[in-house]
Structure formats: structure tokens, C-alpha cells
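Shown next, in C-alpha cells, is the structure this report addresses.
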2 protein chains.
Amino acid sequence: MTTSPPTAEAAAVPSRRELNKAATRQAITDAALGLLRAKGPGNFTAEDIAEAAGISRRTFFNYFSSTDAALASIVHGFLDIAIQQLRLRPADEPMLESAQAALMALADPKAVAPLAELFTLTQQSPLMSHTELEAWDHCRAQVFAVARERVAGNRGEQDDLYIHALAGSVISCGKAAMEVWFSRRGPDLSPASLADLRQLLIDAMALLGAGFNGPQLKSTPRSPVSTGSATPTDSRSS
Amino acid sequence: MTTSPPTAEAAAVPSRRELNKAATRQAITDAALGLLRAKGPGNFTAEDIAEAAGISRRTFFNYFSSTDAALASIVHGFLDIAIQQLRLRPADEPMLESAQAALMALADPKAVAPLAELFTLTQQSPLMSHTELEAWDHCRAQVFAVARERVAGNRGEQDDLYIHALAGSVISCGKAAMEVWFSRRGPDLSPASLADLRQLLIDAMALLGAGFNGPQLKSTPRSPVSTGSATPTDSRSS
DNA sequence: TGCAAACTTGCACGTAGTGTAAAAGCGTGA
DNA sequence: TCACGCTTTTACACTACGTGCAAGTTTGCA
């Protein structure tokens, strides 16, 4: 078994180089998060991260274009989970349902834990905004791509507005749910808190699907209002 | 006319200092835009801008935190027009209608001209993304503030999600309309093009109000579809 | 084993952004 | 008109960022 030939699927057996790169990348983000914990946002340099990760400053910049980017990779990893799930949904499913289903994967301790910590650590200062906004926008672009694939071939001209607006709104609502959840529960990752997050994500998508009619939601945090007819909650994927 | 006393309304007669500051600020953005025209994005430094504006490098940084920020002030000025209009709308009007009405002010040559040029000049390169995203997010925060004022006093707890999601979606849809318009018409500021923009903004809000039902809009660019029935015009908000 | 490609590293360079203190400009009252 | 405070501009110095480059080192493969 001397390294299976890279015939078609190269993702199967990662070569030594790829493993090293992945390990280094991980070491950098770990070091960055550690320094964030220890010194607080904005109180450490790229050189500090490199030193903590056991690499040179120059190598750090080979992996990330800035210290912010190193931390934002956590956000990227988080959002990629949702995108990954979104791509698995059937193409004929309504986008909002697909989005809601994909977002459910985010209410998982493994997924949110790094993000929750990052968020609580950077909450007090707007030093994160730059790259974090870009991460969300990158996710928006992914949703846009998925949405366009689904409508592709039809006309692809008149639907531009629809796709752009839909992708942006879905992201905004997902972001809104995350923000409300963070502001409510802080770093709480208990099952009850995660259930709350799940409900917020469902409610946010329901608001979007209902065109924001009615100035306020009447549902208490746990009430089964939202999904009733619109959402595909029946999939016992838990 | 020896400088009317600054009794209560100080905005009436701007002092010499304020005029100077405003002029300097304007000179900087003009210089930045000029350099962008001449050299292209990313091919000039903060010192270049300062020199072109007739000030020192240090003074430039007293006004803007980066070269991007100087250019993004154009975006800020553009979006502030909409926010200004939004605050003038009656408080009992449904948010989506207020938003649509406010957005109409953007389809004005005076307002969009700087933005259109900025956009065409930076379109080819992602060098703008950083600060431009922040400008839109700042606008989102303003919309959020307006929305919260309208619902204030009721409960202000359960509606957090509603307000966050609404503000974000409104911005996303406005942004989508602008993007589609730019990609369609480029720097075209003709009346027909502006009418197209107006229609796109209306359609975007209509999509939002209709919960993105129906995978695609059937309306041709000029058809009077939008406001007629699709929008959440049932004013008596539940 | 040896070669080619990929990766890391140190060095140097220009630029970004900020603190500080002196200089210039502005407002005001005598 | 002048002199006194406050604000703004400016020059200088300094740290950190981000990148090009030319070595050195590791990995893949024959």
C-alpha cells in the first residue's frame, strides 16, 4: 500500500504533505485561540502566533493573510458545516427548507463550541468585525452558488435578483439567530441552550418564509409554532 | 454678522473650524477617488492621498483609519441617505414599506453617481470588500435601531430575533438590488437605468414581503408587478 | 539513490497605523 | 489689537504588517 495512486479521487488518502499542512494549519489556529484566551483581542502579534505554533513568522503568512484571518478560520469552519449540509439537500426542495435543514447541523456542541468561545472572547471589542463579516459574506456566496445551480438553465437572467436577495436574506437570518442566541445564553452549550438555538434558527427561517408579517412573533421560545407545515422537521436525522 | 451665538442649534452656522474640517474631509475623498481613477485600486498609498489632498500623512489618519475607509466614506454617504429617509417615515408604517420608500431615494443620479463610479472602478478586484462590507453592516445597525424604536416598549425581548432578522434581510435585499443593477447596467445613469434600479429595489422588497415564494419572478424589468398586491400592504399590522 | 517539486525559513523592504510633542490656526474676551 | 486657551496640523519615531526573494529543507517519485 505505497500511497494509492492519485487516479481520480485524491481526497481518500491524504499524502504526508497534506497531513503536515493540515497539522500546521491546526497548530496556528490553536495557537491563535490560545493567545486570544491569554492576552485578549488585539494584544498579540502575528509573530506571537508563529512562535506559539512553532513556525516562523513568514510561514504564518503563508497560511493566513493576517492574525484576524487565523481566527476567522474558526468561523469559516463553522459555516462550512452548514454549506456542506446544504449541498446534500435534494435540488427540488424549496431553498428555505433546505436552508433550515442545513442550519440544524449548527446546533451541535462540536460545531458551535469553538465559535461560542471565539464570540465570547471577542464580544467586548469590535476587533473581529473585519474578517468575521467576510466569513459570513463568503458563506453567502456559497449559498448563492447553490441557489443558482438549482435554478440554472431556466433563464439565469431574470432570477438574478431572486437568487441574490434570497441568499443574502438566508444568511442574514441565520446570523440574526446566532446573534440572539449568543446574547441570550452566552457560552452556554447545555442541551436546553442548544434547543433554544435550534428553535431560533427555525423561527428565523419561518419569519423569512412568512415575509415578516406581524410585527412580532407570538411564540414563546419553546412553542412549536414555526415548523408546523413549512419545515421538514420530520426527518429524524438527530 | 459676527458669528451668531451657539445658543442651542449649533448646526445652523458652522464655525470656521467645522468648515475647514468638512473641506479637508472632502478633499481627502476627492483625492482618493482621483487616485483610484488614475492608478487603479491598490496602486496608491495613504501618503499619495495625503499629498494629493495637500495635507500630511498623519492628518490623513486623523480623518480616516485607512485608505479603504476614505473610499468607503462614499458608500457611507450613499447609505446614509436611505437611513435619513427611513427615519422620516411614520412609525406605524410597516417596516418593509418604510424600507421600500426610503430606498427610492437611492435611485437618484446625485446619490448613486459616486457609488456607481466607485463600484465600476473597484469591481475587478476584491480590494474593496473589507470596508465596504462594514459600511453595509453599519447601515444594517441603523435599520436595526429604527426597527427597535418602533417596537420599543412592547416587550423588547422576544422580538429581538424579529428585529435582527428583519434589519439584516432588508439590507441584504437592498444590496442584492444594487448588485444586480450594477451588473446589468454598469455605470449607466440614464433615466431608464434609474427606473430599472427603482424597479429592482421594489421587486427586492416585494420578494422579501412575499417570503420568497415562487422560485422565480415572472415580471419583466418594467412590468408594474411589484407593489400592487404582493407586498405586505395590509397596513393594520395584526 | 537521485532528481524535481513543494514547503519552510531568514532577510530586506515598503507601507500601515499610532504615540508624542512642538507648531500653526482659530475663538474669545480684555 | 493683542494675548490667552483650545483645537488642529505637522514632523518624527516606532512597532507591526504583508510580501518578494533566494536560499535551505522536506517530500514524492522513478
Side-chain angles (χ1 to χ4, degrees), chain A residues 1-7 10 12-28 31-32 35-36 39-72 125-127 129-131 134, chain B residues 1-7 10 12-28 31-32 35 39-72 125-131 134:
Chain A
M1 52 186 293
T2 63
T3 69
S4 75
T7 52
V13 176
S15 70
R16 182 74 171 260
R17 278 208 173 105
E18 296 169 39
L19 286 176
N20 283 349
K21 274 186 83 97
T24 301
R25 200 179 174 82
Q26 188 63 41
I28 293 176
L35 283 170
L36 183 65
K39 301 192 165 186
N43 295 113
F44 54 94
T45 72
E47 189 156 16
D48 294 335
I49 300 177
E51 188 181 8
I55 56 172
S56 71
R57 192 180 81 101
R58 190 61 182 83
T59 302
F60 169 83
F61 283 113
N62 283 345
Y63 282 84
F64 297 101
S65 59
S66 69
T67 64
D68 273 7
L71 290 170
S125 74
L127 288 159
S129 50
H130 287 208
T131 334
E134 276 183 1
Chain B
M1 51 185 289
T2 62
T3 69
S4 76
T7 51
V13 176
S15 70
R16 184 76 171 258
R17 281 207 170 106
E18 297 170 38
L19 286 176
N20 283 347
K21 274 188 83 97
T24 301
R25 200 179 173 82
Q26 188 63 41
I28 293 176
L35 283 170
K39 301 191 166 188
N43 295 113
F44 54 95
T45 72
E47 188 157 17
D48 294 334
I49 300 177
E51 188 181 8
I55 57 172
S56 73
R57 194 180 82 101
R58 190 63 181 83
T59 301
F60 169 83
F61 283 112
N62 283 344
Y63 282 83
F64 296 101
S65 59
S66 68
T67 63
D68 273 7
L71 290 171
S125 74
L127 288 159
M128 196 58 197
S129 49
H130 288 208
T131 334
E134 277 183 2

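Heavy-atom basis, side chains included; hydrogens, waters and symmetry copies ignored. The sequence lines fix the lettering, A, B, ..., with proteins before strands; numbering per chain opens at 1.
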Item to check | Gap separating the OG atom of Ser65(B) from the CZ atom of Phe60(B), nearest 0.5 angstrom | outcome: 8.0 Å
Next on the checklist: Counting only side-chain heavy atoms from C-beta out, which of dT9(C), dC17(D), dC7(C) sits nearest to Thr59(A)?
Outcome noted: dT9(C)
Checklist outcome for this item: Residues at least two apart in sequence or cross-chain that pass side chain to side chain contact (heavy atoms under 4.5 Å, CB included) with Arg17(A), listed by chain then number, are Ser15(A)
Checklist entry - Considering only dC17(D), dT8(C), dA16(C), which nucleotide approaches the side chain of Thr24(A) most closely? => result dT8(C)
Checklist entry - By a strict heavy-atom criterion of less than 4.0 Å, which residues belonging to residues 48-58 of chain B are in contact with DNA chain C? => result Arg57(B), Arg58(B)
Checklist outcome for this item: To the nearest 0.5 Å, atom CD1 of Ile28(A) lies from atom CG of Asn62(A) at 9.0 Å
Checklist outcome for this item: By side chain to side chain contact (heavy atoms under 4.5 Å, CB included), Glu47(B) pairs with (sequence neighbours left out) Thr45(B), Arg57(B)
Next on the checklist: Checking Ser56(B) now: which residues fulfil side chain to side chain contact (heavy atoms under 4.5 Å, CB included) with it, not counting sequence neighbours?
Outcome noted: Arg58(B), Thr59(B)
Item to check | Heavy-atom closest contact (Ala32(B) atom, Ala70(B) atom, distance) | outcome: CB-CB, 4.3 Å
Next on the checklist: Once side chain to side chain contact (heavy atoms under 4.5 Å, CB included) is applied, do any residues pair with Lys39(A), and if so which ones, sequence neighbours excluded?
Outcome noted: Leu35(A), Asn43(A), Phe44(A), Asp48(A)
Checklist outcome for this item: Heavy-atom nearest nucleotide on DNA chain C taken for Arg16(B) and for Phe64(B); more 5' hit belongs to Phe64(B)
Item to check | Heavy-atom pair of closest approach, residues Thr131(B) and Ala72(B) | outcome: CG2-CB, 3.6 Å
Checklist outcome for this item: When rounded to whole Å, the CD to P distance for the pair Glu47(A) and dG18(D) reads 13 Å
Item to check | Exercise: identify the closest heavy-atom pair between Arg25(A) and Tyr63(A) | outcome: NH1-O, 3.8 Å
Checklist entry - Rounded to the Å, how far apart are Phe44(B) CZ and dG14(C) C1'? => result 17 Å
Checklist outcome for this item: Contacts of Asn62(B) and Phe60(A) projected onto DNA chain D by closest heavy atom; the upstream (5') one is Asn62(B)
Next on the checklist: Applying a 4.0 Å non-hydrogen cut-off, can you work out what Asn20(B) is touching in the nucleic acid: base, sugar-phosphate, or nothing?
Outcome noted: sugar-phosphate
Checklist entry - Within the pair Thr45(B) and dT15(C), is there a side-chain N or O less than 4.0 Å away from OP1 or OP2? => result no
Item to check | dT9(D) phosphate, OP1 or OP2, under 4.0 Å from Tyr63(B) side-chain N/O | outcome: yes
Pairwise N/O distances under 3.5 Å, protein to nucleotides 4-7 of chain D:
residue: dC6(D); atom: O2; partner: Arg17(B); partner atom: NH2; Å: 3.1

